[in-house]
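Inspection log for the structure reproduced underneath, given as structure tokens.
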Amino acid sequence: MIIVLLAGGLLCWLLGRQSAGYARWTALLTVSADMVLACCLCWLYHEFPDKSSWFINYQINWIPSMGVSLHVALDGFGMVLLLLTFFLGILAVLCSWNEIRERAGFYYFNLLWTLAGISGVFVAMDLFLFYFCWEVMLIPMYLLIILWGDSRRRYAAYKFFLFTQAGSLLMLLSILAVYFIHGQQTGLYTFDYFELLRTTFQSGTAWWIMAGFMIAFTIKLPMVPFHNWLPDAHSEAPTAGSLLLAGLLLKTGAYGIIRFVLPLLPEASVAISWWAMLFGVIGIIYGAFLAFSQTDIKRLIAYTSVSHMGFVLTGIFSFSEIAMQGVVMQMLTHGLSTGALFVMAGMLKERLHTRDITKMGGLWTSMPAMGGAAILFTMASSGLPLLGNFIAELFILLGTFTVNVLFSVLASVGLVLSALYGLRLLQRVFMGAIVVTNPVRDLSTREMLIMAALSVSIVALGLYPQPVIDTVHHLSFTLQPLLHE
């Protein structure tokens, strides 16, 4: 699947020199092919008898002298995230269809290589390969922002690159520390994840290694106070860039904590759990207040991500099985609901040539279809029952309540605040007095297809989340020493 994306990206770049249409269709067919492959694997995985083990585990030598291997593995957790990656990847190509008119071939090259890097992050079981894919994911996204972004794109791209690269370098130091400590203990110098799980660390050393990993992953999550890059990157990125940032790149931070930090450093993880939950709750409330105060629609939606990902951090470090299931659901549903809001913000920007919600208003009369979709996704983001986000946040709050009642109560305040900024967004854009006097066209067939796919997904996850919960049930096996009922 990764090779298909890399090859498809190069083909888009080559064909884009002849026609932008060739690049668009090549990108769409490439990501669709990966989606079909992922669906086939998902079907086979459900036929797999033992859900606690790895479904695919493939390893060949890459740089044997350094202990580096091309080791990729897939379990239910990775499967769910791969499905989300390719689903949002298809929508990213579709929402770029008419928006990108210059250098389309190079644009789709960067888009597909970003998806390839994200896919590699979700399946890499060699820490060197994981770091390599992490960098592959960042550089094309930086190019998407700086080349096709809005008016302040250079500032946003530089900030995005500096924040994430600083975290990446700290993570590299932690990876090298684990590599050398394991080599000194066993005589085997390797980056293999399953070998490194056997390493034991002294408490002081574990703290420093934990700091390197956690700073890298919480910058990407993002956690307050490392969130500063997010609003600028979201607001200045092209629509597809905002969709991938909100839907996928933020999830790599949570994935890294669950997959690498907790199993490699369990004692240190338990030691910082109270502080991590505290910062998660601070993010929930702080992000909600900042979202309420915004007039730029994309910055408003960006700050909602800070708030919603605070639930993820709180749920992870509650070490509760039900909260961990809620975390995975939140990673999925946040990607769908917030991604949909960013897509709609891009559609409004394309029509009105502004992101300022004070210059909108009364758009329901001319855009009833988009208004209806906006209500659905705003309510989903606010945690309305029967929609996916409700299940996710309910599970996280239930799991946190058994560990820390105060944090659970404070986090639930975030649900009230999310309803406030969601209703304010709807009121300013679609309700109230008509501000935009020129006729504004409603959703086109292509845009209706994007909204329909996202709407069906978020409702389906709200009504029947059990398949996702069953697919990621193996997490309770891999993290069993940390989790409690």
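The ring-ring contact (aromatic ring centres under 6.0 Å, His included) search around Phe109 returns Trp13, Phe106, Trp113, not counting sequence neighbours. Residues that satisfy the side-chain contact (heavy atoms from CB on, under 4.5 Å) test with Ala380, not counting sequence neighbours, are Ser337, Leu387, Asn389, Ile458. Residues satisfying the side-chain contact (heavy atoms from CB on, under 4.5 Å) criterion with Leu278, sequence neighbours excluded, are Trp274, Trp275, Ile282, Phe407. Listed by chain and number, the residues in a side-chain hydrogen bond (donor to acceptor under 3.5 Å, both in side chains) with Gln165 are Glu135 (sequence neighbours excluded).
Using a distance-only test at 3.5 Å, with no hydrogens or angles considered, no donor-acceptor pair links the side chain of Arg424 to the main chain of Ser293. Side chain of Thr400 to backbone of Leu397: no donor-acceptor contact under 3.5 angstrom is found. Side chain of Thr402 to main chain of Gly399: a donor-acceptor pair is present (N/O by atom type, distance under 3.5 Å, no hydrogens or angles). Under a 3.5 Å cut-off, the side chain of Asp442 and the backbone N or O of Met370 do form a donor-acceptor pair. Using a distance-only test at 3.5 Å, with no hydrogens or angles considered, no donor-acceptor pair links the side chain of Arg154 to the main chain of Ile146. A donor-acceptor contact shorter than 3.5 Å is absent between the side chain of Ser19 and the backbone of Gly16. Within the 3.5 Å criterion, the main-chain N or O of Gly8 finds no donor-acceptor partner in the side chain of Thr30. Within the 3.5 Å criterion, the main-chain N or O of Phe377 finds no donor-acceptor partner in the side chain of Ser381. Looking only at distances, a side-chain donor or acceptor of Thr218 sits under 3.5 Å from a matching main-chain atom of Met214. Although no hydrogens or angles enter the test, the distance criterion places no donor-acceptor pair under 3.5 Å between the side chain of Lys220 and the main chain of Gly167.
For Glu99 and Lys349, the salt-bridge test fails: no basic side-chain N is under 4.0 Å from an acidic carboxylate O. A salt bridge does not link Arg299 to Glu236: none of the charged nitrogens lies less than 4.0 Å from a carboxylate oxygen.
Side chains of Lys298 and Ser242: a donor-acceptor N/O pair is present below 3.5 angstrom, by distance only. No side-chain donor from either of Thr354 and Asp356 sits under 3.5 Å from a side-chain acceptor of the other. Under 3.5 Å, the side chains of Thr26 and Tyr108 contain no donor-acceptor pair of N or O atoms. For the residue pair Thr164/Trp229, the side-chain donor-acceptor check at 3.5 Å is not satisfied.
Contact detail for Gly247 and Leu88: the closest heavy-atom pair is CA-CD1, 3.6 Å. The two residues Leu415 and Ser418 have their closest heavy-atom pair at O-OG, 2.7 Å. For Gly76 against Val472, the heavy-atom pair with the smallest separation is O-CG1, 4.1 Å. The shortest heavy-atom contact between Met171 and Ala216 is CB-CB, 3.6 Å. When all heavy atoms of Val312 and Ile396 are compared, the pair lying nearest together is N-CD1, 4.5 Å. Across all non-hydrogen atoms, the minimal contact from Ala240 to Tyr107 is CB-OH, 3.1 Å.
Summarising the geometry, atom CE belonging to Met344 is positioned 12.0 Å from atom OG1 belonging to Thr239; distances are rounded to the nearest 0.5 Å. The CH2 atom of Trp364 sits 8.5 Å away from the CG atom of Leu426 when rounded to the nearest 0.5 Å. To the nearest 0.5 Å, the span separating CD1 on Ile272 from CE on Met277 amounts to 12.0 Å. Taking CE of Met347 as the reference point, atom CZ of Arg351 lies at 6.5 Å (rounded to 0.5 Å). The structure places CD1 of Ile258 at 11.5 Å from OG of Ser269, a figure rounded to the nearest 0.5 Å. Rounding to the nearest 0.5 Å places CG of Leu6 at 9.0 Å from CG of Leu112.
Leu41 has its side chain out of reach of Leu37: every pair of non-hydrogen atoms, C-beta onward, lies at least 4.5 Å apart. At a threshold of 4.5 Å between non-hydrogen side-chain atoms, the residues Phe161 and Ile145 do not count as touching. Side-chain contact between Met331 and Leu81: present, with at least one pair of heavy atoms (C-beta onward) separated by less than 4.5 Å. In this structure the side chain of Leu363 reaches within 4.5 angstrom of the side chain of Leu352, judged on heavy atoms. For the pair Val468/Met329, a side-chain contact is recorded, criterion being any heavy-atom separation below 4.5 Å from C-beta on. At least one side-chain heavy atom of Thr114 sits less than 4.5 Å from a side-chain heavy atom of Leu249. A 4.5 Å side-chain heavy-atom check between Leu230 and Ser305 finds at least one atom pair inside the cut-off. The shortest distance between side-chain heavy atoms of Leu5 and Phe86 falls below 4.5 Å.
Only one option out of Arg152, Lys159, Arg153 pairs with Tyr155 in a side-chain hydrogen bond (donor to acceptor under 3.5 Å, both in side chains); it is Lys159. The salt bridge (charged side-chain N to carboxylate O under 4.0 Å, His left out) test with Asp296 singles out one residue from Lys359, Arg428, Arg355, and that residue is Arg355. Each of Leu221, Ile219, Val306 was evaluated against His227; a single residue qualifies, Val306, per the side chain to side chain contact (heavy atoms under 4.5 Å, CB included) test.
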List the steps, then state whether side-chain contact (heavy atoms from CB on, under 4.5 Å) holds for Asp150 with Ser235. CA-CA 8 Å; Asp150 220 324; Ser235 57; over 6 Å; no

Determine, stepwise, if the pair Trp134 / Thr252 fulfils side chain to side chain donor-acceptor pair (under 3.5 Å). CA-CA 9 Å; Trp134 188 270; Thr252 60; over 6 Å; no

Could you go through the side-chain contact (heavy atoms from CB on, under 4.5 Å) check for Asn228 and Phe163 one step at a time? CA-CA 9 Å; Asn228 191 257; Phe163 266 83; 3.9 Å; yes

Could you walk me through whether Leu454 and Leu376 pass side-chain contact (heavy atoms from CB on, under 4.5 Å), step by step? CA-CA 10 Å; Leu454 289 163; Leu376 174 68; over 6 Å; no

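Screening residues 332-362 for ring-ring contact (aromatic ring centres under 6.0 Å, His included) gives His234-Phe342, His308-His334 as the qualifying pairs, with residues at least two apart or on separate chains. Pairs of residues two or more places apart, or lying in two chains, that qualify as side-chain hydrogen bond (donor to acceptor under 3.5 Å, both in side chains) and include a residue from residues 450-469 are Gln466-Asp470.
Figure legend: Arg259 and Phe77 shown without cation-pi pairing, the cationic atom not lying both under 6.0 angstrom from the six-membered ring centre and within 45 degrees of its axis.
Counting heavy atoms of neighbouring residues, nucleotides and ligands inside a 6.0 Å radius, atom CG of Leu420 exceeds 12 of them. For Phe279, the CZ atom is loosely surrounded, since the number of other residues' heavy atoms within 6.0 Å does not exceed 12. Residue Phe401 qualifies as open at atom CZ: its count of foreign heavy atoms under 6.0 Å is 12 or below.
Aromatic ring pairs are classed by plane angle as parallel below 30°, tilted from 30° to 60° and perpendicular above 60°; the pair Phe260 and Tyr255 is perpendicular.
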